[in-house]
Amino acid sequence: MVDIHTKIRELRQQQGLTLKELSENTNLSVGFLSQVERGTSSLAITSLKKIADSLGVEMSYFFQQEMNNNYVVKLDDHKVFQVDGNESKYVKVSGNFQGRSMESLIVTLRPFQQDIQTSSHPGEEFHYVLKGQVIIHVDNNEYVLNAGESIHFPSEKVHKWENPLSEETVILSVLTPVLF
């Protein structure tokens with residue numbers, strides 16, 4: 001996979017934008033964006049979404065992944081990917097068609113993985129635990145979910161998650177807006 005930071009820098013330069021202009025468009029600091037472009041800072045999905053929107057591309061632009069142009073996603077189409085600086089593993093399980101508004105992913109959290117930063121963004125999130133356990137923090141509330149349990153909340157609420165177990169946790173996540 002070509003590094004995401006390289007694609008961000010190349011696209012920004014192709015569009016003739018300075019780091020300061022990208023900073024103003026995304027509300028991310030110039031210093032942070034500079035570190036991201038050099039590959040020395042991790043990048044949260046929400047920050048990548050802001051950068052993608054500012055540069056006028058879908059988040060999928062930053063991933064080497066063939067897009068499925070069907071309604072059906074076959075097992076052979078599953079490709080595991082990671083976002084720079086994020087320990088979670090993702091598999092896109094949504095079809096791809098014009099105007100879709102949901103993103104479906106299988107997310108695998110490593111043992112004892114814990115989000116360092118909270119997240120808040122437009123949309124909704126639905127998470128169904130397939131295997132293991134997850135603790136999801138939404139605003140000032142903590143929700144412990146085991147296999148077979150789910151949560152659905154507005155993504156504008158400050159949130160993060162953690163895997164408290166010594167084994168992987170696997171989650172079906174359905175989100176809006178489309179990320180990849």
**Q.** Exceeds 12 heavy-atom contacts within 6.0 angstrom, atom NZ of K89
**A.** no

Q. Does the side chain to side chain contact (heavy atoms under 4.5 Å, CB included) test come out yes or no for Q113 and S88, once each step is laid out?
A. CA-CA 8 Å; Q113 180 180 331; S88 300; 2.8 Å; yes

Q | Nearest non-hydrogen partners of G132 and E167, listed with the distance | A | CA-OE2, 4.3 Å

Q: Of all the heavy-atom pairs spanning N163 and Q133, show the shortest one and how long it is.
A: OD1-O, 3.4 Å

Q.
To the nearest 0.5 Å, what is the distance between CD on E10 and CD on E37?
A. 10.0 Å

Q.
Membership question, hydrophobic clusters at under 4.5 Å side-chain separation (ILVMFWY): are L145 and F112 in the same one?
A. no

Q: Starting at CG of L48, measure out to CE of M59 and round the result to the nearest 0.5 Å.
A: 4.0 Å

(Q) Donor-acceptor check, side chain of T176 to backbone of E124, threshold 3.5 angstrom: yes or no? (A) yes

Q.
I need the L175 CG to I45 CD1 distance, nearest 0.5 Å.
A. 8.0 Å

Q: Heavy atoms only: give me the nearest P122-S155 pair and the separation to one decimal.
A: O-CB, 3.9 Å

Q) Looking only at heavy atoms, what is the nearest atom pair of T46 and S119, with distance? A) CG2-OG, 3.0 Å

Q) Are the side chain of E142 and the backbone N or O of I135 linked by a donor-acceptor pair below 3.5 Å? A) no

(Q) Go through it in stages, so that I can follow the logic: the residues are I106 and L130, the test is side chain to side chain contact (heavy atoms under 4.5 Å, CB included), and I'd like the CA-CA distance, side-chain angles, deciding distance and then a yes or no. (A) CA-CA 9 Å; I106 301 293; L130 297 167; 3.9 Å; yes

Q: Answer with yes or no whether the side chains of H5 and Q35 bring together a donor and an acceptor at under 3.5 Å.
A: no

Q | Audit row: H127, I136, side chain to side chain contact (heavy atoms under 4.5 Å, CB included) steps and yes/no | A | CA-CA 10 Å; H127 304 287; I136 299 183; 4.1 Å; yes

Q: Look at atom CG of N141 and say whether more than 12 heavy atoms of other residues, nucleotides or ligands are closer to it than 6.0 Å.
A: yes

Q. What about L165 and I171, same hydrophobic cluster or not, with Ile/Leu/Val/Met/Phe/Trp/Tyr joined at side-chain heavy-atom distances under 4.5 Å?
A. no

Q) If every non-hydrogen atom of R38 is compared with every non-hydrogen atom of S34, which pair is closest and at what distance? A) NH1-OG, 2.7 Å

Q | Side-chain donor/acceptor of S104 to backbone N/O of V174, under 3.5 Å | A | no

**Q.** V170 with V80, same ILVMFWY side-chain cluster at under 4.5 Å
**A.** yes

**Q.** Qualifying residues under ring-ring contact (aromatic ring centres under 6.0 Å, His included), relative to H121, sequence neighbours excluded
**A.** H159

(Q) Using the rule that Ile, Leu, Val, Met, Phe, Trp and Tyr join whenever any side-chain heavy atoms are under 4.5 Å apart, tell me whether L19 and I4 fall into a single cluster. (A) yes

Q. How long is the span from the OH atom in Y90 to the OG1 atom in T108, to the nearest 0.5 Å?
A. 10.0 Å

(Q) With a 4.5 Å cut-off on side-chain heavy atoms, are L172 and V93 touching? (A) yes

(Q) Could you check whether any side-chain heavy atom of L55 comes within less than 4.5 Å of a side-chain heavy atom of Q15, counting everything from C-beta outward? (A) yes

Q. Any sub-3.5 Å donor-acceptor pair from T26's side-chain atoms to L22's backbone N or O?
A. yes

Q: Find the distance between CD1 (I151) and OG (S173) and round it off to the nearest 0.5 Å.
A: 11.0 Å

Q: Go through the steps to decide whether I51 and L33 satisfy the test side chain to side chain contact (heavy atoms under 4.5 Å, CB included), and finish with yes or no.
A: CA-CA 9 Å; I51 292 168; L33 290 170; 3.8 Å; yes

Q) Listed by chain and number, what are the side-chain contact (heavy atoms from CB on, under 4.5 Å) partners of D139, not counting sequence neighbours? A) K157, V158

Q) Heavy-atom distance under 4.5 Å between the side chains of I8 and L43, does that happen here? A) yes

Q.
Using modelled atom types and a 3.5 Å cut-off, is there a donor and acceptor pairing between side-chain atoms of E156 and backbone atoms of G123?
A. yes

Q: Using modelled atom types only, decide if a donor and an acceptor are shared between the side chain of D53 and the backbone of K50 within a distance under 3.5 Å.
A: no

Q) NE2/H137 to CG/N140 distance, rounded to the nearest 0.5 angstrom? A) 11.0 Å

Q | Considering all heavy atoms, the nearest G16-E21 contact | A | O-OE1, 3.8 Å

Q.
Treating D115 as the side-chain partner and W161 as the backbone partner, does any N or O pair qualify as donor plus acceptor under 3.5 Å?
A. yes

Q) Checking S23 side chain against L28 main chain: does a donor-acceptor pair fall under 3.5 Å? A) yes

